[in-house]
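Notes for the one structure printed next.
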Amino acid sequence: MDRFEKFAEELRQIVPFTIRYKDESWIMQVINVFVMPFCPEFLSRFTTVIGNTIYFPNPSFIRANPESAMRVLAHEVVHILDMDRWTPGFFMGLYLFPQIFFLGVFLFPFIGLWSLLFLVFLLPLPAPFRSYFEIRGYAMDLLTIPPHRRKAALDQTVKHFTGWNYYKMFPFESIVRNQLNDLVNKTESGEEKNLMKILLVYELVVEE
């Protein structure tokens, strides 16, 4: 058993999950059609969670850099723990807010042209709940790298929140930066229990 598999097995003692691959999933292919215009590397670079299934791009993504894949896995398990805490349906609704309201266009048979107003939610409006959940995931990324590398990693992370990869989910750089630093500090001081659980497992496997 290699280190990545060992890490995955240890994390499953905290919360159950399955690993699958986007290049083998028709669901991921369908999602890619919608996100490709603003996230062209969705299938090749990004990992996605649906329910308790974690979709890595492909097996070679893990084999090429298992250490990086371990950090990605830690990030995604944070999402699964949060989803269990909030319940899957509620978590997904919050994560997709406010863009999810564009579905109101399907009220056309009932309210007529007024339903077209819901198209405004297709715009890259700030998504505070998505930002909250991703701050938790990316705080895990920062925690699993050496402290001397965190500043550069933090600068890169902020770009995910303000750029197109997450549909410009939160354009306020200083708030994102402060919340990430605060959560990292809370985890290292033991206040944030779920992130600490994952971090301890990560450190145990890495040190073996």
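- Rounded to the nearest 0.5 Å, atoms CD1 (I31) and OG (S25) are 7.5 Å apart.
- Within the structure, the ring pair (Phe, Tyr, Trp, His ring centres under 6.0 Å) test picks out the following pairs touching residues 115-157 (sequence neighbours left out): H75-Y138, W86-F133, F91-F133, F97-F129, F101-F121, Y138-H160, Y138-F161.
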Donor-acceptor contacts, no H, no angles, side chain residues 167-174, under 3.5 Å, sequence neighbours left out:
from	atom 1	to	atom 2	distance (Å)
Y167	OH	L122	O	2.3

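- Among residues two or more places apart in sequence or in another chain, the salt bridge (Lys or Arg N to Asp or Glu O under 4.0 Å) test is passed with D155 by K151, R177.
- The existence of a salt bridge linking E9 and K6 is excluded, since no basic side-chain nitrogen approaches an acidic carboxylate oxygen closer than 4.0 Å.
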Residues 44-53, side-chain donor-acceptor partners within the protein, below 3.5 Å, at least two apart:
from	atom 1	to	atom 2	distance (Å)
R45	NH1	E41	OE1	3.1
T48	OG1	K22	NZ	2.8
N52	ND2	P16	O	2.5

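- Residue F90 places its CZ atom among 12 or fewer non-hydrogen atoms of other residues, nucleotides or ligands, all under 6.0 Å distant.
- Panel note: side chain T187, backbone L183; a donor-acceptor pair is recorded below 3.5 Å.
- Under the 4.5 Å side-chain criterion, counting only non-hydrogen atoms from C-beta, I54 is not in contact with V72.
- By the salt bridge (Lys or Arg N to Asp or Glu O under 4.0 Å) test, E76 is found to be paired with no residue, residues two or more places apart in sequence or in another chain being considered.
- Exactly one of N181, V176, I175, D182 qualifies for a side chain to side chain contact (heavy atoms under 4.5 Å, CB included) with Q179. That residue is I175.
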Stepwise side chain to side chain contact (heavy atoms under 4.5 Å, CB included) check, F108 with V105 | CA-CA 6 Å; F108 181 81; V105 298; over 6 Å; no
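- Pairs passing the salt bridge (Lys or Arg N to Asp or Glu O under 4.0 Å) check and including a residue from residues 125-145, sequence neighbours excluded, read D82-R136, R136-E192.
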Test side chain to side chain contact (heavy atoms under 4.5 Å, CB included) applied to R20 and T18, step by step = CA-CA 7 Å; R20 293 184 180 171; T18 302; 4.0 Å; yes
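- Pairs passing the ring pair (Phe, Tyr, Trp, His ring centres under 6.0 Å) check and including a residue from residues 10-34, sequence neighbours excluded, do not occur.
- Under the 4.5 Å side-chain heavy-atom criterion for grouping Ile, Leu, Val, Met, Phe, Trp and Tyr, V35 is not connected to M92 through any hydrophobic cluster.
- With values rounded to the nearest 0.5 angstrom, I198 atom CD1 is found 11.0 Å from M196 atom CE.
- Looking at every heavy atom in both residues, A153 comes nearest to L142 through CB-CD2, 3.7 Å.
- Closest of all the heavy-atom pairs between Q29 and D23 is NE2-CA, 3.9 Å.
- Aromatic pair F56/F4: centroids less than 6.0 angstrom apart.
- In this structure the side chain of V78 never reaches within 4.5 angstrom of the side chain of N194, judged on heavy atoms.
- Under the 4.5 Å side-chain heavy-atom criterion for grouping Ile, Leu, Val, Met, Phe, Trp and Tyr, F102 is connected to V120 within one hydrophobic cluster.
- Using a 4.5 Å heavy-atom cutoff, the side chains of C39 and N32 are not in contact.
- When hydrophobic clusters are built by joining Ile, Leu, Val, Met, Phe, Trp and Tyr residues whose side-chain heavy atoms come closer than 4.5 Å, directly or via intermediates, L103 is grouped together with Y95.
- Residues L107 and L96 share a single hydrophobic cluster, defined by chaining ILVMFWY side chains whose heavy atoms lie under 4.5 Å apart.
- For E188, the side chain to side chain donor-acceptor pair (under 3.5 Å) criterion is met by R150, not counting sequence neighbours.
- How far CE of M140 is from CG of L180: 12.5 Å, rounded to the nearest 0.5 Å.
- E203 meets the side-chain contact (heavy atoms from CB on, under 4.5 Å) test with L199, L200, E207; sequence neighbours excluded.
- Applying the salt bridge (Lys or Arg N to Asp or Glu O under 4.0 Å) rule to E191 yields no partners; only residues at least two apart in sequence or on another chain are considered.
- Listed by first and then second residue, the side chain to side chain donor-acceptor pair (under 3.5 Å) pairs that reach into residues 58-74 are R3-E67, N58-S60, R71-T144, sequence neighbours excluded.
- Formation of a donor-acceptor pair under 3.5 Å by the Q99 side chain with backbone atoms of L125 is found in this model.
- For the pair M28 and V30, the minimum side-chain heavy-atom distance is 4.5 Å or more.
- In this structure, F38 is not a member of the same hydrophobic cluster as V158, with clusters built from ILVMFWY side-chain heavy atoms closer than 4.5 Å.
- Contact check for F42 versus M36: no side-chain heavy atoms found under the 4.5 Å cut-off.
- Residues satisfying the side-chain contact (heavy atoms from CB on, under 4.5 Å) criterion with I14, sequence neighbours excluded, are L11, L81, K197, V201.
- Of the possible polar contacts, none joining the S115 side chain to the I111 backbone as a donor-acceptor pair under 3.5 Å is found.
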